[in-house]
Amino acid sequence: MDARPEPSTSNALARALTGSFPAFVLLQGALYAAYGTESPFLPSFLGERGLTPGEIGIALAAGTLMRLGAGPIAGHLADRYDAARAVLATAAAAAGLISFAYLAGFGFWPLLGVSVLHASAIAALAPLADALALSAAEREGTFSYGWVRGAGSAAFVLGTLSSGLLVAQAGLASIIVSSGVLFLVMAIAAARVPAAPPRDVTPSLGRGGIRELLALAPFRRMLLVAALVIGSHALNDGFAVIRWREAGIGPGTISLLWSEAVASEVLVFVLAGPWLLERLGVARAALLAAGLGALRWSAMATTASVPVLVLIQPLHGLTFALLHLAAMHLITATVPERLSATAQTLYGTLGLGIASAVITAAGGALYGRLGPGAFWAMAILCVLALPLAIGLPRASKAIGSVP
């Protein structure tokens, strides 16, 4: 697939609107609005339902561990039967229905069970949505993958802002209702997304396909870098809001801070990320993400001052979004298309899931013992990723660029 210049004009956007771009915006918008509504306040919801910080960490980690099995299975089924869209729609519908079970739960064991079931349903949502968007962007050449993913991040911002208002007006249970409805909307939206054309080559199946992927050295190295850097975000996802609430920061300000971070994702996915990748390449982009991650978590360990938080929250666009774009570029360049869904779910669950599960579980104990000092451990993880990032390929590859 030839590299082409990134789209940058209103004419390019007009062309995109004639293809499948609107359908993918609807799909990703529903998905990330659901995430944005639920994720910032879910740990606080679990705490309100009787869980201690350590139990919150275990419940979230157990869900992450469930994704390790459920995600690759869903990806394998999507590749095996060439049915990514059908698997995606089924999983989204299940995620919406299971979400409402949180409302009936109280105490550790019931909520742990709901968390595990919910995680099994959502495990493959983002990877399969990405696989379909990447394929369509390359096939149609009328829009960039970054536009679609940026639209998802924008929906996350709107969901997060809405969640702050909902919590203030109706309590923490309101986020469960809203996210459940949005997952069901995503299931409906999946029917509007075009399926990839039938493949002429039968994909490698089962463990053989996974072994083929893990034999690719750049793919393996990117999994490790992403596990350390993106995995380090698990403590922030689970305990940043708790930290800020303990410091006396109100729900409205928390929503704004969270939204500021995700708004930086939109900027990186749509504009800054492609520009940086073109000039830095995958390896240097990963180095930048890891270095800024160490800086970001060091600041989180040191202070909960709102002015400082306002300054460091935009780093999320570079510590997460830039590295994710680099990973998507590398996967598109190195992974056979017949294994694309499996590669995406391995990246989302094996690469990120193991790290997130371990860090979330350990993070509960670390935060319970060290408080904000637990973020120093996340800074160390980013430092450990630096030498691994150096060995990544320097070249980047445009995804679905418009001539």
Side-chain angles (χ1 to χ4, degrees), residues 1 3 64 67-68 71-72 75 79 123-124 126-131 133-135 137-138 145-146 149 209-234 265 268-269 273-274 276-294 316-359 378 381-400:
M1 291 170 283
T64 304
R67 296 181 201 179
L68 299 181
D79 279 336
L128 290 180
D130 280 344
L134 286 163
S135 175
E138 288 289 339
Y145 163 78
R149 189 57 180 80
I210 294 175
R211 283 197 298 267
E212 184 178 348
L213 284 171
L214 295 180
L216 300 172
F219 181 71
R220 289 199 313 270
R221 187 174 286 266
M222 178 55 80
L223 288 183
L224 291 173
V225 172
L228 290 169
V229 179
I230 298 181
S232 72
H233 290 66
E265 283 188 28
V268 171
F269 278 129
L276 286 170
L277 278 171
E278 182 181 350
R279 285 152 183 80
L280 299 179
V282 169
R284 290 178 180 174
L287 280 169
L288 178 62
L292 291 177
H316 183 74
L318 297 173
T319 61
F320 168 72
L322 179 61
L323 185 56
H324 179 73
L325 263 185
M328 294 299 99
H329 281 220
L330 185 140
I331 289 172
T332 302
T334 61
V335 171
E337 186 177 358
R338 59 193 170 83
L339 294 173
S340 59
T342 304
Q344 289 291 342
T345 52
L346 283 178
Y347 166 76
T349 57
L350 180 60
L352 307 186
I354 290 177
S356 295
V358 172
I359 292 169
M378 304 303 103
L381 292 179
C382 290
V383 171
L384 293 175
L386 292 172
L388 292 170
I390 293 173
L392 290 169
R394 293 187 59 186
S396 64
K397 186 177 182 65
I399 304 175

Asks: Compare every heavy atom of L325 with every heavy atom of V268, then report the nearest pair and how far apart it is.
Replies: O-CD1, 3.9 Å
Asks: Taking it one step at a time, do R284 and R279 satisfy side chain to side chain contact (heavy atoms under 4.5 Å, CB included)?
Replies: CA-CA 9 Å; R284 290 178 180 174; R279 285 152 183 80; over 6 Å; no
Asks: What heavy-atom pair brings L216 and P336 nearest, and what distance separates the two atoms?
Replies: CD1-CD, 4.4 Å
Asks: Are H324 and R149 close enough, and set up right, to give a side chain to side chain contact (heavy atoms under 4.5 Å, CB included), and what steps lead you there?
Replies: CA-CA 10 Å; H324 179 73; R149 189 57 180 80; 4.1 Å; yes
Asks: Identify the heavy atoms of L318 and A289 that sit nearest to each other, and give their distance.
Replies: O-CB, 3.2 Å
Asks: Quick check against the 3.5 Å criterion: does S135 have a side-chain atom that pairs as donor or acceptor with the backbone of A131?
Replies: no
Asks: If you measure from NE2 on H316 to CG on L292, what distance do you get to the nearest 0.5 Å?
Replies: 13.0 Å
Asks: Test D130 against Y347 for side chain to side chain donor-acceptor pair (under 3.5 Å), laying out the working first.
Replies: CA-CA 11 Å; D130 280 344; Y347 166 76; over 6 Å; no
Asks: Within this structure, what is the CG-CG distance for the pair L288 and L280, rounded to the nearest 0.5 Å?
Replies: 6.5 Å
Asks: Would you check if T342 and L346 make a side-chain contact, meaning some heavy-atom pair closer than 4.5 Å?
Replies: yes
Asks: With a 4.5 Å limit on heavy-atom distance, are the side chains of M328 and M222 in contact?
Replies: no
Asks: For E212 and L339, what are the C-alpha separation, side-chain angles and deciding distance, and is it a side chain to side chain contact (heavy atoms under 4.5 Å, CB included)?
Replies: CA-CA 9 Å; E212 184 178 348; L339 294 173; 3.7 Å; yes
Asks: When rounded to the nearest 0.5 angstrom, what distance separates CG in L134 from OG in S340?
Replies: 8.5 Å
Asks: Which heavy atom of L392 sits nearest a heavy atom of A286, and at what distance?
Replies: CD1-CB, 3.8 Å
Asks: Using side-chain heavy atoms (C-beta onward) and a distance below 4.5 Å, is I331 in contact with Q344?
Replies: yes
Asks: Is there a side-chain contact between L330 and P393, using heavy atoms and a 4.5 Å cut-off?
Replies: yes
Asks: Atom CG of L322 and atom CG of L277: how far apart are they, to the nearest 0.5 Å?
Replies: 5.5 Å
Asks: I need the single residue from L381, T319, I359 that forms a side-chain contact (heavy atoms from CB on, under 4.5 Å) with H233. Which is it?
Replies: T319
Asks: Calculate, to the nearest 0.5 Å, the distance between atoms CG and CZ belonging to L223 and R220 respectively.
Replies: 9.5 Å
Asks: What closest approach, in Å, do A294 and C382 show between heavy atoms, and which atom pair accounts for it?
Replies: N-CB, 3.6 Å
Asks: Where the side chain of R221 meets the backbone of A389, is there a donor-acceptor pair that is under 3.5 Å apart?
Replies: no
Asks: How far apart are the closest heavy atoms of A343 and V335, and which atoms are they?
Replies: CB-CG1, 3.7 Å
